[in-house]
Amino acid sequence: MTARKSRVRPWFFHGGMSVLAFLWLVPLALVVVTSLRTFDDLADAGLASVPKGLTIDPYRQALDSGEWQSIVNSLIITVPVVVVTLVLASMAAYGLARHRIPFRKTMLLLMLAGNLLPAQLLLIPVLKLTEQFGIFDSRIGMIVVLTAVGLGFYVFVLHGFMRGIPDEITHAAKIDGATTFGVYLRIVLPLTKPAMAALGSLAFTWTFNDLLWAITLLRDEQKLPVTPAILGMQGEFVSSWNVIAAATVIAAIPTVIVFLRFQRYFISGLLIGSAK
């Protein structure tokens, strides 16, 4: 009876996962198919109909509408945010995890509490601060705000990982004459590569796809990142859903590339501590 149950359980598991995968892939497939249909086909038959033919013209229209510029804007904002956030978070986490800093637990709790606040509560105060500091409607303002918003979460995660590094490793490096910064740069950072890669992938995805802060802090259409730029493609009365779908597919390419590039580190980062 036990052996029979052990044979049945994998079938239930794989069957359930297959259903979930199908439900997850159907909307993606619908977006891709919609991006390859003509406007007349969609207008006549609707989104859920079988396409009469496929074309790549929506992709040309999406690129001609200025999506290249919005993707460049997103990268100009995202890359500095990811790099600066990981550098600052790793340094702060190293100091809090490996040194006896007064009120370090209080600092970590404040960082965690800050991430529990809804972003909507911060919109108006942050908007006023950017206006006072003269960085409103600028990419610099977006970089500063997005870095500050995610910093506490990354410090909290990296702190937990760095605390798991054996003290003997850092003590041996100090005995050999390594400075505090040398231990951080040559010992701690290489050991935290899986966690850094996992957080870097998440930070890139969250920042690249940001909509709320972009529509709050930016007004110049030439500076808009890709997500609000796609939102602006919707017309008041008629929307070219094939062009919007094509723009969405193009916008997803950078995040997919980053995930595939760091997939090995991302999975190992998610499994941190599972063997303890």
Side-chain angles (χ1 to χ4, degrees), residues 77-126 128-130 132-133 135 140-207 210 212-213 262 265-276:
I77 295 171
T78 302
V79 174
V81 168
V82 174
V83 173
V84 174
T85 301
L86 291 182
V87 171
L88 295 179
S90 61
M91 296 177 69
Y94 171 68
L96 292 172
R98 314 303 297 185
H99 298 277
R100 294 183 178 179
I101 299 175
F103 306 107
R104 59 178 179 176
K105 291 185 179 179
T106 304
M107 295 180 188
L108 286 171
L109 289 176
L110 288 175
M111 291 179 184
L112 181 61
N115 283 277
L116 297 177
L117 289 174
Q120 291 81 356
L121 294 179
L122 304 175
L123 291 179
I124 296 178
V126 172
K128 296 300 182 181
L129 286 174
T130 56
Q132 291 180 3
F133 283 101
I135 56 176
I140 295 296
M142 283 289 297
I143 293 172
V144 171
V145 171
L146 291 176
T147 300
V149 168
L151 191 59
F153 172 75
Y154 303 133
V155 171
F156 186 81
V157 174
L158 289 175
H159 170 268
F161 180 80
M162 290 182 180
R163 285 193 62 186
I165 299 176
D167 293 333
E168 292 78 5
I169 297 177
T170 55
H171 289 165
K174 291 180 179 179
I175 292 174
D176 291 338
T179 62
T180 300
F181 185 76
V183 173
Y184 159 77
L185 187 63
R186 300 177 182 177
I187 305 297
V188 176
L189 277 187
L191 292 176
T192 57
K193 184 185 292 184
M196 295 280 283
L199 289 177
S201 301
L202 291 175
F204 186 94
T205 302
W206 291 342
T207 306
D210 173 72
L212 184 62
W213 289 110
F262 296 101
Y265 298 109
F266 183 79
I267 295 175
S268 60
L270 293 178
L271 297 177
I272 291 172
S274 62
K276 294 183 180 180

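The model shown is predicted, which means the values in this text are computed figures rather than measured ones.
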Subject >> Other residues, nucleotides, ligands: >12 heavy atoms within 6.0 Å of R186 CZ >> reply: no
Subject >> Student check: side-chain heavy atoms of D210 and L146 closer than 4.5 Å >> reply: yes
Subject >> Side-chain heavy atoms of F153 within contact of L199, under 4.5 Å >> reply: yes
**OP:** Flag the pair I169 / L191 as yes when at least one side-chain heavy-atom distance between them is below 4.5 Å, and no otherwise.
**Re:** yes
Original post:
Between atom OG1 of T170 and atom NE2 of H99, what is the distance when rounded to the nearest 0.5 Å?
Top reply: 8.5 Å
**OP:** Among L86, T85, V84, find the one that has a side chain to side chain contact (heavy atoms under 4.5 Å, CB included) with V82.
**Re:** L86
Original post:
For D167, what residues pass the salt bridge (charged side-chain N to carboxylate O under 4.0 Å, His left out) criterion, not counting sequence neighbours?
Top reply: R98
Original post:
L96 and I101: which non-hydrogen atoms are nearest, and at how many Å?
Top reply: N-CD1, 4.0 Å
Original post:
Are side-chain heavy atoms of Y94 and L189 found at a separation under 4.5 Å?
Top reply: no
Original post:
Would the number of heavy atoms belonging to other residues, nucleotides or ligands and lying under 6.0 Å from CD1 of I140 be above 12?
Top reply: no
Original post:
Which atom names give the shortest non-hydrogen contact between R163 and A97, and what distance separates them?
Top reply: CG-CB, 3.7 Å
**OP:** For residues A173 and V183, report the shortest heavy-atom separation together with the two atoms involved.
**Re:** CB-CG2, 4.0 Å
Original post:
Can you tell me how far CE of M111 sits from NE2 of H159, rounded to the nearest 0.5 angstrom?
Top reply: 9.5 Å
**OP:** Would you please name every residue forming a side chain to side chain contact (heavy atoms under 4.5 Å, CB included) with V79, sequence neighbours left out?
**Re:** V83
Subject >> Contact summary for A195 and L158, nearest pair of heavy atoms >> reply: CB-CD2, 3.9 Å
Subject >> By side chain to side chain contact (heavy atoms under 4.5 Å, CB included) - contacts of F181 (at least two apart) >> reply: T179, Y184, L185
**OP:** Would you please name every residue forming a side chain to side chain contact (heavy atoms under 4.5 Å, CB included) with L123, sequence neighbours left out?
**Re:** L212, W213, T216
**OP:** Mind checking the CH2-CG spacing from W206 to L202? Nearest 0.5 Å is all I need.
**Re:** 4.5 Å
Subject >> Residues, nucleotides or ligands: over 12 heavy atoms within 6.0 Å of I124 CD1 >> reply: no
**OP:** Apply ring-ring contact (aromatic ring centres under 6.0 Å, His included) to F156 and list each qualifying residue two or more places apart in sequence or on a separate chain.
**Re:** none
Subject >> Residues in side-chain hydrogen bond (donor to acceptor under 3.5 Å, both in side chains) contact with T207, at least two apart in sequence or another chain >> reply: none
**OP:** Would you check if P166 and H171 make a side-chain contact, meaning some heavy-atom pair closer than 4.5 Å?
**Re:** no
Original post:
How far apart are the closest heavy atoms of V188 and I165, and which atoms are they?
Top reply: CG1-CD1, 4.1 Å
Original post:
Any chance NZ of K128 has more than 12 other-residue heavy atoms, nucleotides or ligands included, within less than 6.0 Å?
Top reply: no
Subject >> Atom of A93, atom of V155 and distance for their closest heavy-atom approach >> reply: CB-O, 3.8 Å
Original post:
What is the distance from atom OG1 of T147 to atom CE of M142, rounded to the nearest 0.5 Å?
Top reply: 10.0 Å
